[in-house]
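Structure, as structure tokens:
Just so you know, ligand 1 is whichever comes first in the structure, and atom 1 is the first atom listed for that ligand.
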Amino acid sequence: MALLDETPHAMQVTTRNPGDGSTVATYPLGDRAAVDAAVERARAGATWWREQGFRGRRDHLVRFKAAIATNAQELAEVISAETGKPGSDALIEIMLTLGHLDWAAKNAKRVLRRQKVKAGLMNFNQRATVGYEPYGVIGVIGPWNYPLYTPMGSISYALAAGNAVVFKPSELTPGPAVWLAEQWARTVGHDVLVTVTGDGSTGSALAASRVNKIAFTGSTATAKKVMATASQRLTPIVAECGGKDAVLVAADADLDVAADFIVLGGMGNAGQTCAGVERVYVVDSVRDELVRRVVERASRLRAGGPDAHYGPMTLAAQTDVVRRHVEDALRSGTAVLGGPESIGGRTIAPIVITDVDEMSDAMQCETFGPLVVVNRVTSLDEAVRRANATPYGLAAAVFTRSRATADRAAAALHTGAVSINSVLGFASVGALPFGGVKESGFGRIHGADGLREFSTAKSVARQTRKAMVDLSMERTDKDVHMVARMIPMLHGRSKGSHQ
Ligand code: NAD
């Protein structure tokens with residue numbers, strides 16, 4: 001682990017429990033030198049890691065996974081202490097994380113090993129193969145809302161693809177990162193997963209360092225800064241940013257199921273979910289019934305206490321954003337559950353507001369709190385149009401009993417993922433890539449695309465015999481004549497293909 005024990009006092013990050021404000025722990029604040037040293041150590045670790053091959057890495061990752069699973073209860077407490085989320089939520093987060101670690105470990109060879117590709121008629125003399133190689137060292141910058149699941153979505157796939165990782169967790173939640181690094185040191189060793197704690201300046205130093213790629217998860221505003229810094233060395237980045245996800249409810253939807261999932265996606269984790277539910281578009285004919293069911297379920301939720309369904313806001317300043325959005329929404333809309341009075345310090349009770357102006361901040365900007373807005377639409381096509389009309393494009397959900405309707409809506413939604421008759425349905429499926437479009441970011445974690453995101457493709461063309469036409473400097477008039485005849489033969493037809 002790259003934790004500097006002799007760090008001066010001012011160069012520290014202290015975390016507090018969002019529930020009672022008590023101090024949880026103090027960590028070093030990694031400066032430029034600490035970050036660069038961590039990257040150099042990881043560089044050495046990367047060489048060893050690469051030498052392990054697909055099979056060796058798989059075995060190490062499965063052992064790492066088992067160590068996490070065996071100590072899951074302890075890790076859940078570490079997660080809860082700094083985020084304030086209930087232990088049950090932390091356990092679910094661990095389970096989802098391990099599913100991805102397992103998938104990445106067990107599928108890396110199949111996806112990334114060197115494979116033959118068709119060379120085409122003209123290249124019958126070439127044996128063409130493509131293989132995927134690790135970048136080297138990946139810098140992972142993480143957020144606080146899912147301090148394990150979210151960064152591990154990058155770390156698992158980066159490691160499985162053969163890279164070493166330097167992980168800079170959020171300054172609000174370094175605990176799970178330090179815990180992971182300890183498990184790694186115990187089960188695998190070598191500097192393959194290195195943690196550097198610190199704040200935005202530490203993240204900035206990582207983006208400026210000699211890492212070979214940055215995997216950033218956090219707000220769109222910070223992603224732009226990371227990209228600007230990384231551009232100095234032309235370091236590529238994958239950016240997993242915010243969202244303003246919508247749920248679309250058709251007239252034929254199962255309204256109980258829709259309401260269950262709207263409440264889960266909107267209020268779960270106190271609404272602090274990048275792909276959580278912030279907006280609902282429901283077709284007029286079932287609007288009143290849906291609102292009634294959402295309000296009925298949401299009003300049963302307990303927020304903030306020891307046996308709560310969700311905890312307090314992890315980031316104190318986010319409470320102000322939620323208050324602003326609630327007040328903004330109420331300029332045009334109607335509160336059907338809670339309102340500004342639901343915001344009691346760090347804990348916010350569920351708020352549901354209807355019929356809000358589409359151009360308000362509450363409908364255009366990420367709220368990241370337990371506020372759900374329900375707007376009526378005349379058709380599912382209108383719902384899709386409205387859902388697409390924000391700068392974000394992370395995910396969306398559609399509720400309908402008609403497969404054709406669902407497929408049409410899914411195709412028209414401008415997002416990186418769509419759930420049908422659930423929310424966040426894609427998040428636990430190892431084979432499904434995750435990531436956004438527009439200001440929700442670019443690049444993909446999870447699935448085969450996630451493995452390739454942390455790899456560089458290397459093409460090899462091996463000549464096995466003489467070419468049909470000599471294209472060398474020794475070519476003759478006959479060869480050139482042949483080329484002139486082949487061009488229309490191979491490419492002159494507007495239909496079909498010879499390749
Ligand atoms: P944030 O942007 O404030 O911080 C994210 C990370 O960036 C932190 O580790 C922070 O220390 C670091 N950082 C801050 N300034 C930096 C700089 N100049 N250079 C480099 N690093 C810097 O985000 P947050 O508040 O921690 O997380 C909440 C946001 O994350 C929300 O917008 C949420 O939607 C998003 N998020 C997205 C996903 C996804 O997969 N798309 C998942 C979880 C959270």
Partner set under side chain to side chain contact (heavy atoms under 4.5 Å, CB included) for [X], not counting sequence neighbours:
{"X": "S455", "value": "L112, Y132, A161"}
{"X": "R16", "value": "T14, T23"}
{"X": "A72", "value": "L91, I94"}

Quick one: does W144's side chain get under 4.5 Å of T150's, heavy atoms only?
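W144 does not reach T150 side chain to side chain.
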
Does a side-chain heavy-atom distance below 4.5 Å link H325 with E366?
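Counting from C-beta outward, H325 and E366 never come under 4.5 Å.
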
Ion pair check, D36 and R210, cut-off under 4.0 Å
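Here D36 does not pair with R210 in a salt bridge, since their nearest N and O are not under 4.0 Å apart.
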
Residue by residue, ordered by chain and number, which ones reach under 4.0 Å of ligand 1 with a heavy atom?
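Residue list for ligand 1: I141, G142, P143, W144, N145, T150, K168, P169, S170, E171, D199, G200, G203, S204, F216, T217, G218, S219, T222, K225, V226, E240, C241, G242, C274, E366, F368, L394, F434.
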
